[in-house]
Q: 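I'd like to ask some things about the structure below.
Just so you know, these numbers come straight off a predicted model, no measurement behind them.
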Amino acid sequence: MKRSRKKKRKAIPVPIASMGDIAFLLIIFFLVCSEVSKDRSDLDVTLPLSEYVEKTKAQVVARVAVDKEGDIYFDGTLVDNAKDVEWGVRALLTSTVTDDQRHVQFKCDSDSPKEVFEPVLKAIAAGGGIIEAVGEKAE
Amino acid sequence: MRKKYSKEKKHRDGEIPTGSFSDIAFLLIIYFLVATTLMKVKTITADLPSGEKSAQTETEKTPIVNLQGSEVIFNDKKMTMDELKDRLAALELGTKEPGDRIIMLESTTGTPYENYFQALAAISANDGVVAIVEEDE
């Protein structure tokens, strides 16, 4: 009864010749736009809580971190003391013109005592940096 | 020997096989997408003025936050961190001249960063300018 409506379908070729070009363009885009992170995300740090923290809008010129043991890291490199941080920040900010170029990220363990973190904060300020202290949003 | 010659002949046209280029490229893209971490940290901004020590920095008018371990003292009055936030908000520092926005921040040895951070955040959020008080040696 039923007529077979099956017809031979024509194979429609999908143009894939430019796929490689598109893919490589995407790779180049990612490579140009991405920034290699200098942040030591593997550090053993418990961030302090505050209701005032906001997502960073400023572009930071350097990243300073103090871990649980009191070791100081400047852009991911272990330094001896706070004075090294001051010189590092000072060196980075020699050619800066506006305040937007003075932001320095500071990450410190919440249990660190004053004698560990305060010299580093003072060093950043003495080097001319504006401190961007990293924390977590309190509920 | 003959077989060898015949194999060489096949590639005489010198064409580079580009058929798998798109596959390689897409694999690279997937690798970048998986390996990339989009990180946006949350911070508070504090511009600490740096300068020479001055014996006359502290005046009677300048409010002072004193952190003694886990205790918070504002203008010689002990209070909680929430009360400090309210007191700082009541000062309406945003409406004042930059010179009148200074809040002294003093802390004793052993004060944890958690408390210091919260005080710093409260001062900065209320448009205050933090001046760190140094201990006498």
Q: Can you tell me which portion of A/Glu51 sits under 4.5 Å from chain B's heavy atoms? Options are side chain, backbone, both or neither.
A: side chain

Q: I need the residue from B/Ile24, B/Leu67, B/Asp23, B/Ile29 with the largest number of non-hydrogen atom pairs under 4.5 Å to chain A.
A: B/Ile29

Q: Any side-chain heavy-atom pair from A/Asp111 and B/Glu114 closer than 4.5 angstrom?
A: no

Q: Less than 4.5 Å apart, side chain to side chain, heavy atoms only: is that true for A/Arg102 and B/Asp47?
A: yes

Q: Could you grab the distance from atom CG of B/Asn115 to atom NZ of A/Lys114, nearest 0.5 Å is fine?
A: 13.5 Å

Q: When you group the ILVMFWY residues by side-chain heavy-atom contacts below 4.5 Å and let the links chain together, are A/Ile130 and A/Val104 in the same group?
A: no

Q: Got more than 12 heavy atoms from elsewhere within 6.0 Å of NZ, B/Lys96?
A: yes

Q: Can you tell which of A/Lys55, A/Lys57, A/Lys137, A/Met19 has the highest number of heavy-atom pairs within less than 4.5 Å of chain B?
A: A/Lys55

Q: Strictly less than 4.5 Å between heavy atoms, which residues of residues 116-125 of chain B line up against chain A? Please order them by number.
A: B/Tyr116, B/Phe117, B/Gln118, B/Ala121, B/Ala122, B/Ala125

Q: Can you tell me how far the NZ atom of B/Lys85 sits from the OG atom of A/Ser50, to the nearest 0.5 Å?
A: 6.0 Å

Q: Using non-hydrogen atoms and a 4.5 Å limit, figure out which bit of A/Asp21 sits close to chain B: side chain, backbone, both or neither.
A: neither

Q: If hydrophobic clusters are built from ILVMFWY residues whose side chains come within less than 4.5 Å, do A/Val60 and A/Leu92 share one?
A: no

Q: Just verifying a value: how many Å separate A/Tyr52 OH and B/Thr45 OG1, rounded to the nearest 0.5 Å?
A: 14.5 Å

Q: Return the minimal non-hydrogen interatomic distance between A/Phe117 and B/Pro112, and the atom names on each side.
A: CE2-C, 4.1 Å

Q: Would a hydrophobic clustering, with Ile, Leu, Val, Met, Phe, Trp and Tyr connected at side-chain separations under 4.5 Å, put A/Val45 with A/Leu78?
A: yes

Q: Do the side chains of A/Val64 and A/Val79 join up, straight or via other hydrophobic residues, at under 4.5 Å, putting them in one cluster?
A: yes

Q: Against chain A, label B/Ile132 side chain, backbone, both or neither, depending on which of its atoms sit under 4.5 Å from a heavy atom there.
A: side chain

Q: Could you please state which residues from residues 22-32 of chain A sit under 4.5 angstrom from chain B, measuring non-hydrogen atom to non-hydrogen atom, sorted by number, or 'none'?
A: A/Ala23, A/Phe24, A/Leu26, A/Ile27, A/Phe30, A/Leu31

Q: Would the number of heavy atoms belonging to other residues, nucleotides or ligands and lying under 6.0 Å from NZ of B/Lys42 be above 12?
A: no

Q: Just how far is it from atom OG1 of B/Thr43 to atom CD of A/Glu136, taken to the nearest 0.5 Å?
A: 13.0 Å

Q: What residue in B/Gly110, B/Ala46, B/Ser20 has the most heavy-atom pairs under 4.5 Å with chain A?
A: B/Ala46

Q: Count I, L, V, M, F, W, Y as connected when their side-chain heavy atoms are under 4.5 Å apart, and connections chain through other members. Are B/Val130 and B/Met81 then in the same cluster?
A: yes

Q: In terms of heavy-atom pairs under 4.5 Å, which option from A/Ala58, A/Gly135, A/Gly129 contacts chain B the most?
A: A/Gly135

Q: Measure the spacing between CD of A/Glu54 and CD1 of B/Ile44 and express it to the nearest 0.5 Å.
A: 10.5 Å

Q: Which one, A/Gly20, A/Ala133, A/Ala138, leads in non-hydrogen pairs under 4.5 Å with chain B?
A: A/Ala133

